[in-house]
Amino acid sequence: MLLEVKNIYKSFHIGTHTVDVLKNVSFQVERGKICTMLGPSGSGKSTLLNIIGGIEIPDKGSFYFNEIEISGHNEKTLGRYRRKRLGYVFQSYNLIPNLTLKENIESGAYLSDEPLDINDLLYTLGLWDRQDQLPSQLSGGEQQRTAIGRAVIKNPDLLLCDEPTGALDYKTSREILALLEKVNQKYECTMMIVTHNEAIQRMADQIIRLHDGAIRSNENNTNKQKAAEIAW
Amino acid sequence: MLTGNAGKMVAVLLFLVLSISLASGFLVAEHSLRIGYDNTFEEYNIEDGHFELLKEMSDPLAEALKKEKLSIFTLFNKDLEIKENRVLRIYPVREEINRIALLEGAMPETDEEIVLERLFAGNNGYEVGSNVKLGAKAFLVSGIVAFSDYSSLFKNNADGLFDNIRFGIAGVNQNAFDVLEYNDLHYTYAWKNHDPDLTPEEKNDFADEILDIAKEHDLIKDFVRRSDNQAICFAGEDFGNDRVFMMVFFYITIVIIAFLYVVVMRSTIELEAKSVGSLRALGYTNGELIRHYSLLPLLVTLMGALIGNVLGYTLMKDAFIYIYTKSYSLIPAPVLWNAEAFVLTTLVPVLIILLIIYGFLPALLSLPIQKFLRNDLSRRKQKYAIHLGKLSFFTRFRLRIIFQNSSAYLVLLVGILLGSLLMSAGLMLPPLLENHQQEVLDNQICAYQYILRMPVETADEQAEKFAIQSLELGEGTVQVLGIEDGSKFLPVASQGLQTGEAIFSNGLTSKYEIEKGDQLELSKKYTDDTYSFELGDTVYYPAGFTIFISLDNFRTIFDCDDTYFTGYFTDHKLDDLEDIFVASIRTEGDLTFALDQLMDSMGQVFKVMAVFSVILFFVLIYVLSKQVVECNQQSIAMLKILGYENSEINNLYHVTTGLTVIFSFLLSIPACKFILKIIFKQIMTKYIGWFDFYVAPWVYPVVVVSGLVSYLIIYVMQSKRTKGISTAEFLKEME
């Protein structure tokens with residue numbers, strides 16, 4: 001088991017109100033699998049992803065990575081956990097605007113003792129010809145592929161993707177999903193994909209549905225499809 | 001806009017307040033003192049000139065002068081050494097000409113009372129109620145005063161610098177004056193033209209007439225027109241001297257501040273680009289957005305101008321007046337509203353800032369709406385990344401940060417150059433003077449230079465005869481020194497003289513750019529005699545402008561007999577010379593005293609310059625490094641999410657600023673050296689003497705270290721800020 005989440009609670013204080021975002025959330029994810037987390041806006045899926053990513057601290061509960069408890073550690077340890085174990089992909093790419101495409105990917109490689117071969121990765125991502133461009137010169141799809149490259153190059157155990165196709169058109173979204181699938185297969189990287197796109201669940205091994213901060217369902221996908229076959 | 005820029009704006013405000021208050025205080029002080037000084041001429045009935053005779057004025061001269069349109073006033077005075085190296089010039093209290101301003105206490109009412117000039121009294125620990133012993137008689141200090149004809153305490157008009165420590169002026173009543181023992185009695189007469197409206201040329205011509213009449217009847221020891229009288233005019237000429245320098249630096253500072261605003265506004269607009277795009281899409285006009293973004297800089301500028309002026313008219317004005325009154329014996333003047341200072345330190349800077357802001361903002365805000373919505377405010381259509389080859393990742397990252405923030409770093413470079421220039425100037429002058437002083441001492445001719453009233457022989461065999469004559473060169477004085485062949489005190493000069501040519505001191509050739517073979521024409525004061533000397537060689541002699549010739553040559557040129565000489569060089573006191581034959585003895589202290597005095601009077605200005613530069617470094621580095629962090633807040637948060645440690649992030653962003661600071665200093669120091677050399681030469685061409693350009697070896701390192709210490713303090717502040725950037729907040733904003 002790569003990841004085990006146990007009885008996580010998280011609430012936010014907005015003015016005088018307290019909003020319970022996560023309520024007693026527990027699940028497990030196996031190594032090498034693709035896990036999608038579905039749910040409407042405000043269901044708590046991004047917060048859960050951030051807790052797994054060591055960015056948010058849960059109020060209660062714990063989670064284990066490779067059977068080592070991660071929750072409850074200080075910022076420095078969480079930083080090392082992100083540095084060595086995780087890759088992060090966001091809806092809005094979050095590339096460093098003054099670095100070239102290749103340098104953005106190198107910013108991920110720098111963190112790893114054994115990074116993947118950058119040239120090979122650039123070919124895999126289909127970005128070889130664009131490597132010297134700045135993010136502002138790239139299309140949305142190219143930027144997202146760069147963000148995936150940055151996350152993947154350090155060969156992480158777990159790739160966290162927060163709405164990776166949320167800002168992309170249909171065609172580009174499908175290309176990105178195919179790329180994620182390719183990365184999962186080629187580099188045996190476990191993935192957690194947060195999305196509100198129901199279609200994406202079809203390429204996953206595990207589907208978790210969140211509603212109002214609680215897990216509504218957590219099931220294995222027995223009818224997994226290739227990314228290229230998914231349409232919506 | 002304020003919330004994100006409060007820290008930077010407060011820093012800019014403080015700097016603006018400091019700059020405006022300094023400039024305004026300087027101009028107000030200078031203006032008030034100048035008006036006060038100009039008014040004293042009429043209010044205190046200052047002379048149009050004076051002359052000193054060898055003895056009391058003869059009746060024929062008195063009769064001849066009566067026929068002229070002038071009034072003659074007796075201004076006899078006596079020089080008394082009141083203790084070692086402290087000379088007081090005593091006048092009977094005068095009520096008609098060159099009147100005295102009472103600053104404290106009362107004018108002398110009895111024969112045992114005395115009033116002392118303020119600076120001499122202060123520098124020598126005298127106050128109202130103190131006792132001063134003049135010869136055998138003790139006097140009670142009844143008052144502290146300013147003499148209207150001694151705003152600068154020049155003992156002799158030919159002196160290179162005033163001396164308010166060892167030389168003072170005092171007033172006693174006539175009875176006390178008459179019975180006073182004295183070292184020197186000066187038969188001085190002042191004149192005042194009947195026509196106050198004479199032009200300077202007419203006054204000069206009239207003075208020439210007076211000189212001719214006086215020469216015709218009596219023997220003149222000294223003749224000084226008011227316009228040539230350093231004791232009266234030096235302070236007035238000095239008031240405006242620093243003005244150009246001060247205002248140039250002030251306006252450069254203002255331009256730097258304006259560009260700081262531009263850098264801050266640009267990054268604010270970049271951060272808010274999407275909002276700007278949305279507002280414009282909603283129908284907001286460029287004018288409304290320009291007003292919005294210029295409001296804060298405008299308010300800060302106006303607030304800076306207001307507070308700066310208030311401080312300028314109060315604290316800073318007092319500080320500058322203190323600096324002036326530490327050097328000059330000025331009659332107190334009221335603070336005057338100065339419209340010019342207001343225009344120069346308030347309206348002009350505000351206009352400069354507005355021009356730069358309103359030149360920049362419309363250009364940026366007129367970009368197409370799509371550019372704002374896409375968060376791409378570049379003017380060029382396609383922005384290509386510069387190829388950086390195979391440099392390490394961190395090096396490339398740092399270079400990209402520099403390219404991204406090039407405008408901020410350019411402002412930093414210019415600011416550091418200006419600050420370095422100011423600080424170097426402030427720091428270099430004291431060691432320059434000390435160095436000059438040391439050079440003067442190292443190259444002094446001998447321990448004692450005896451100047452005799454008449455040629456008398458000494459039995460001391462090591463003493464060497466010389467002759468000296470002061471000649472005029474423009475406004476300066478050159479000493480022509482006749483030395484013995486094979487002089488043991490001046491071996492280098494005496495060797496060079498074997499060719500029969502003249503040897504010039506290095507300061508003279510440097511200042512007047514004289515080359516070998518050039519002729520230098522000098523004139524004798526109060527005569528029409530001129531003398532021409534050809535430069536044979538130059539000798540290093542920093543004590544003053546001197547031309548060395550052989551003693552025989554001297555006697556020929558100045559038409560003296562074969563045994564003529566004016567003094568002795570000696571390394572020990574000549575005990576067999578009676579005091580009555582000795583006019584003066586020039587020792588080590590005399591050579592260096594003028595420099596001590598200069599150092600004392602200008603020390604405060606040097607400190608102000610150095611402190612101002614450190615503040616300039618601090619504000620610039622603070623605002624711009626904060627700017628770089630804020631510009632890259634999202635990238636920093638993203639790097640944290642990726643797992644970069646704070647030290648690595650500091651290494652990327654803050655160390656880059658640090659490297660830029662170091663690079664700016666590396667560029668600034670040679671530039672500073674070059675500029676200072678030019679400025680220094682300009683100053684020296686106007687200065688009465690000459691100092692060799694010298695920057696102590698520690699000056700530039702201190703400048704760099706001050707900048708780096710400022711940077712390190714800011715590094716710690718900014719590192720804390722970087723540490724505080726929240727990844728969770730960043731992700732929420734992204735959502």
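All chains are named by letter (A, B, ...) in the order of the sequence lines, taking the proteins before the strands, and each is independently numbered beginning at 1.
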Which portion of [X] sits near chain B, non-hydrogen atoms under 4.5 angstrom:
X: Phe90(A); value: side chain
X: Lys154(A); value: side chain
X: Leu111(A); value: side chain
X: Arg80(A); value: side chain
X: Tyr93(A); value: neither
X: Glu103(A); value: both

Checklist entry - Who passes ring-ring contact (aromatic ring centres under 6.0 Å, His included) against Tyr187(A), sequence neighbours left out? => result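 For Tyr187(A), no residue satisfies ring-ring contact (aromatic ring centres under 6.0 Å, His included) once neighbours in sequence are set aside.
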
Engaged part of [X] at the chain A interface, taking heavy atoms whose separation is under 4.5 Å:
X: Ile401(B); value: both
X: Asn632(B); value: side chain
X: Glu645(B); value: both

Next on the checklist: Could you tell me if the side chain of Ser41(A) sits less than 4.5 Å from the side chain of His196(A), heavy atoms only?
Outcome noted: no

Checklist entry - Are any non-hydrogen side-chain atoms of Ile52(A) and Phe65(A) less than 4.5 angstrom apart? => result no

Next on the checklist: As a quick check of understanding, evaluate salt bridge (charged side-chain N to carboxylate O under 4.0 Å, His left out) for Lys186(A) and Asp120(A), giving each step before the final call.
Outcome noted: CA-CA 12 Å; Lys186(A) 187 169 179 179; Asp120(A) 179 50; 3.3 Å; yes

Next on the checklist: Out of Leu78(A), Leu99(A), Leu86(A), Asp132(A), return the one with the most heavy atom pairs under 4.5 angstrom to chain B.
Outcome noted: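 Greatest number of close heavy-atom pairs with chain B: Leu99(A).
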
Checklist entry - Pick from Arg150(A), Lys84(A), Glu75(A), Gln91(A): which one has the most heavy-atom pairs with chain B under 4.5 Å? => result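 With the most close heavy-atom pairs to chain B, the winner is Arg150(A).
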
Item to check | Lys23(A) and Asp212(A) ion-paired at < 4.0 Å | outcome: yes

Next on the checklist: Among Phe403(B), Phe397(B), Tyr644(B), which residue has the highest count of heavy-atom pairs closer than 4.5 Å to chain A?
Outcome noted: Tyr644(B)

Checklist entry - More than 12 non-hydrogen atoms from neighbouring residues, nucleotides or ligands closer than 6.0 Å to CD on Glu69(A), yes or no? => result yes

Checklist entry - Rounded to the nearest 0.5 Å, what separation is found between the OG atom of Ser635(B) and the CZ atom of Arg400(B)? => result 13.5 Å

Checklist entry - How long is the span from the CG atom in Leu296(B) to the CE atom in Met265(B), to the nearest 0.5 Å? => result 9.5 Å

